[in-house]
Protein chains: 2
Amino acid sequence: MSNIREVPKLEDVAKAAGVSTATVSRCLNTPDRVLEGTKLKVFDAIEVLGYTPNFGARVMAAKRTLTIGAIIPTMENAIFARGLQAFQEELHDRGYTLLVSSSAYRPDIEEEQIRKLVTRGADGLLLIGEDRDNSIYQYLKRQEVSALIAWTYSADAPLSCVGFDNRKSMQLLTENVMAFGHNRIGVISGFTKGNDRARSRMQGIREALMSNGLDPGELAVIETSYEIECGAKAFDQLMALERPPTAIMCGNDVLAVGALKRARERNINVPGDVSITGFDDIELARIVDPALTTVHVPHREMGRQAACVLVDLLEKNGEPRSIELQTLVQIRGSLGRRKI
Amino acid sequence: MSNIREVPKLEDVAKAAGVSTATVSRCLNTPDRVLEGTKLKVFDAIEVLGYTPNFGARVMAAKRTLTIGAIIPTMENAIFARGLQAFQEELHDRGYTLLVSSSAYRPDIEEEQIRKLVTRGADGLLLIGEDRDNSIYQYLKRQEVSALIAWTYSADAPLSCVGFDNRKSMQLLTENVMAFGHNRIGVISGFTKGNDRARSRMQGIREALMSNGLDPGELAVIETSYEIECGAKAFDQLMALERPPTAIMCGNDVLAVGALKRARERNINVPGDVSITGFDDIELARIVDPALTTVHVPHREMGRQAACVLVDLLEKNGEPRSIELQTLVQIRGSLGRRKI
DNA sequence: GCGAGCAATGTAAGCGCTTACATAATAAAG
DNA sequence: CTTTATTATGTAAGCGCTTACATTGCTCGC
């Protein structure tokens, strides 16, 4: 067929090596079922012809793409970057390629992206958090696409999880904040709608307050989007209250850095006048001055494990398997003893 | 064929709508060649059956995947994040999906990733910088994969570029530094081997020195990898010199932030005792105290334009088209007048 | 009113691989 | 030495689309 100078196909390799197309295919996919001598001939021919398997044909015949999709809220800040990088590295080691989309924290965009990646033939999907319409989970099941939830660990999530307990982590951090004498706490949270991580963290704070006999109803809470400038603005709002908080707990490090920045601009001393805490422990947390008290999340480990679990899931067709990773409260300079 | 409850295929849609498979395919791919009434019937059938085209089959028949690959040095720091995000958004708007890999700044890994993404059927590729083995460019040409270089603009690059002039930008920044009275300058550069951006920036510094009658041979230069800790370490080395520099210019903001951090730890005043500059103007640059003097790079614009050019390239089979974006020197607190 | 020209649709031939099944060759068992 | 199990390889049937080409039914100009 392809007698002239064309991209060589499997058939050409077979002809050159003097074997059948099936044998060439087996050399590529199940090499242990082929005799050593035959393999040698075949790989020689492949080398000589410069053959590369045609992706589309392979996908169509084998019904899998060796591709994994990830949909993350954003690539712009560092929150997901490190985990995603580790995820990609591990996938690569296992022969998979990573398809990436971002949803800008919007459920509608996320859904669109999920459908798109599935249509594009992703064998599996990495999703952030568990909070999404049930119809999406049904869709994934119907399409027989394995999916995994990261950044959240929840025993009764609709899919396997590789993540951590956002509520417990924040609760622990709050206990620490209170141990420094703070009982008038302000909170700068990410939007909780459609974001179980933000919601769990809020709940962690409330539970810590309650178990110390404080009324969570008195908590000053501002919800905003995860941007530095928004953190700064929210800081202003909290400090403008009649009785401003002595400690401000933020939904993540990005918000906390925004608050810290504004405090510096306004010459409000941290932690002298007000303490500030974050969540995630991204690199930024240790660069700002004072360094951020925050919750350390093992991002790389999470990304790596997520890749392992997801690949196992779809290769071994294994049952759901979840992994809960441990976080660690990191006390640094931005948290200080309450004055008076 | 698929009489039972199966994933519906194009043939099923055709049957349900009472048309041929070709017509259904045309409704999907070239809708203007189909009568309005026919289209209605077909889309109805698609809706009812919940049909989604099979990716593999489509790729095989149409010989394109509507997928673009990007290989960036790293996802971990913010340098490429914003541009990549914009790139992805624009691709999405144009119906393409993004495949992402990272090379850890290593040419061998980059080459492997390039081949992998091509094998995976990427229609086009986004590459960072132009500095790579010529055999790779030949490979891309042979495979007929369109590729684009970003983060670098060079008139004689082997491919279309969407980027900026690293040399000129750094030269301009250096002029500014010298205008503040500095003539003993230290440099913390990224590794220049295999990295034309790092090399061009160095060259920009040297040229600025020369055109001001200074000897670039006296420049204290340390090459290191783009990590905060490495910037800190290099700062120590430069300050340990017999005659330490009065200004330290860094290859990017990450290195600069590292240097700044170490200065603070050592109680060395910036810019009082030493000035520090960066490159890129990532968010970080405005968060640190003092804020970084740096070169502003229009990352989002670059990512967006790169997507436009690349898609045009492979859809219109257009000739190479390059875009040079302008940078802007941002003078901020980390650069001060030389003492004495 | 007829043939040219055009628009809408249908027919069917691939696209390049994987894999179930058939076959051949060899080893193990009786 | 035959029978059976086992292993290595070959044969060929799809996988579900796209698209070149064929066909049909119009509209129009003269």
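Letters A, B, ... mirror the listed sequences (proteins, then strands); counts begin at 1. Quantities reported herein were computed from a predicted structural model and do not represent experimental measurements. Values reported hereafter were calculated over all heavy atoms of this structure, with side chains retained and with hydrogens, waters and symmetry mates removed.
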Stepwise, does the ring pair (Phe, Tyr, Trp, His ring centres under 6.0 Å) test hold for A:Phe191 with A:Tyr105?
-> CA-CA 9 Å; A:Phe191 288 115; A:Tyr105 287 99; 9.2 Å; no
Taking only the side-chain nitrogens and oxygens of [X], find out if one of them lies under 4.0 Å from OP1 or OP2 of [N].
X       : N      : result
A:Arg58 : C:dT18 : yes
B:Ser25 : D:dC17 : no
B:Ser20 : C:dT9  : no

Which of residues 26-43 of chain B sit near DNA chain C, with a heavy atom under 4.0 Å from it?
-> B:Arg26, B:Val34, B:Leu35, B:Thr38
Tell me which residues in residues 59-67 of chain B put a heavy atom below 4.0 Å from DNA chain C, sorted by number, or none.
-> B:Met60, B:Ala61, B:Lys63
Once rounded to the nearest 0.5 Å, what's the spacing between atom [atom1] of [X] and atom [atom2] of [Y]?
X        : Y        : atom1 : atom2 : answer
A:Leu126 : A:Leu84  : CG    : CG    : 7.5 Å
B:Leu91  : B:Arg304 : CG    : CZ    : 11.5 Å
A:Leu127 : A:Tyr137 : CG    : OH    : 6.5 Å

Which is true for A:Thr23 with a 4.0 Å heavy-atom rule: it touches a base, it touches only sugar-phosphate, or it touches nothing?
-> sugar-phosphate
Across the strands shown, which category fits A:Phe55 at heavy-atom distances under 4.0 angstrom: base, sugar-phosphate, nothing?
-> nothing
Taking atom [atom2] of [N] as reference, at what distance in whole Å does atom [atom1] of [X] sit?
X       : N      : atom1 : atom2 : answer
A:Asn54 : C:dT18 : CG    : C1'   : 13 Å
B:Glu11 : C:dG10 : CD    : C1'   : 14 Å
B:Lys15 : C:dT9  : NZ    : P     : 20 Å

Please determine if B:Glu112 and B:Arg106 form a salt bridge, counting it only when a charged side-chain N lies under 4.0 Å from a carboxylate O.
-> no
Residues forming a side-chain hydrogen bond (donor to acceptor under 3.5 Å, both in side chains) with A:Ser154, sequence neighbours excluded | A:Glu130
Expected output: side-chain A:Ser101 to main-chain A:Gln113 donor-acceptor under 3.5 Å = no
Does A:Asp123 reach the main-chain N or O of A:Thr65 with its side chain, forming a donor-acceptor pair under 3.5 Å?
-> yes
Considering only heavy atoms from C-beta outward, does the side chain of B:Leu313 approach that of B:Leu159 to under 4.5 Å?
-> no
Assert: residue with more 5' nearest nucleotide on DNA chain C, out of B:Ala57 and A:Thr21, is B:Ala57
Per B:Lys9 side chain, nearest of listed nucleotides C:dC15, D:dT18, D:dG16 = D:dG16
